[in-house]
Amino acid sequence: DQQVKQNSPSLSVQEGRISILNCDYTNSMFDYFLWYKKYPAEGPTFLISISSIKDKNEDGRFTVFLNKSAKHLSLHIVPSQPGDSAVYFCAASDWGNKLVFGAGTILRVKS
Amino acid sequence: EAGVTQSPTHLIKTRGQQATLRCSPISGHTSVYWYQQALGLGLQFLLWYDEGEERNRGNFPPRFSGRQFPNYSSELNVNALELEDSALYLCASIYRDRDPNEQFFGPGTRLTVL
């Protein structure tokens with residue numbers, strides 16, 4: 001049973017446009033959410049996070065939105081750059097020091 | 001600051017053999033996590049070690065085991081290898097007194113079971 005789902009395996013976006021990556025979760029005990037980015041042959045790197053007391057967190061070109069009632073979060077990248085092309089993982093935590101990851105979404109930014 | 005390192009990069013074994021994977025956390029980090037990423041799946045939590053103790057384990061059979069050494073490095077052992085154990089195994093570390101959710105990952109070990 002996947003508690004964190006990323007339903008889009010891949011996304012293709014033109015350089016300069018907005019990339020929107022989506023993530024749904026089922027466990028209402030999750031109260032902290034993270035996005036990781038992964039390049040080939042490298043481990044995932046932390047990108048941005050949000051706690052359940054917020055509905056938005058922004059860091060430069062990256063913004064994460066959380067809709068608790070819908071159990072949905074999204075990552076917006078504006079403007080998208082070719083270097084953003086990577087696999088993006090959504091992860092959730094119930095402060096139990098264990099992260100539950102989604103399957104990932106491959107983002108391709110075309111120049 | 002050196003990142004999390006893992007060895008070997010690639011490992012090829014046959015069914016029934018044992019595999020040993022190694023992880024060195026970032027200096028000062030005391031907790032180590034192990035994840036399995038099988039093809040098409042997200043990272044599946046395997047094990048969490050902190051201060052030399054196993055603190056939590058994921059939904060994996062007992063033939064997946066490990067340990068953490070006094071220098072906080074860690075070893076993952078997989079016994080009686082099965083074909084479906086073929087995956088990328090990732091290690092992550094955190095500094096316990098900081099945000100426990102922001103884990104720093106190594107590049108992974110690609111295990112192939114033939």
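Each chain gets a letter, A, B and so on, in the order its sequence line appears, and its residues count up from 1.
Scanning both residues, B:Leu43 and A:Pro44, for their nearest heavy atoms gives CD2-CG, 4.1 Å. Scanning both residues, A:Ala41 and B:Pro107, for their nearest heavy atoms gives O-CB, 3.9 Å. Scanning all heavy atoms of the two residues, the minimum distance from B:Phe45 to A:Leu99 falls at CB-O, 4.2 Å.
Within 6.0 Å of CZ on B:Arg63 lie more than 12 heavy atoms contributed by other residues, nucleotides or ligands. For B:Lys13, the NZ atom is densely surrounded, since the number of other residues' heavy atoms within 6.0 Å is greater than 12. Within 6.0 Å of CG in B:Leu39 there are 12 or fewer heavy atoms belonging to other residues, nucleotides or ligands. More than 12 heavy atoms of other residues, nucleotides or ligands shown are found within 6.0 angstrom of CZ on A:Arg61. Heavy atoms of other residues, nucleotides or ligands lying less than 6.0 angstrom from CG of B:Asn59 number 12 at most.
Note that CZ of A:Phe101 is 4.5 Å distant from OH of B:Tyr35, once rounded to the nearest 0.5 Å.
Heavy atoms closer than 4.5 Å to chain A are found in the side chain of B:Gln37, but not in its backbone.
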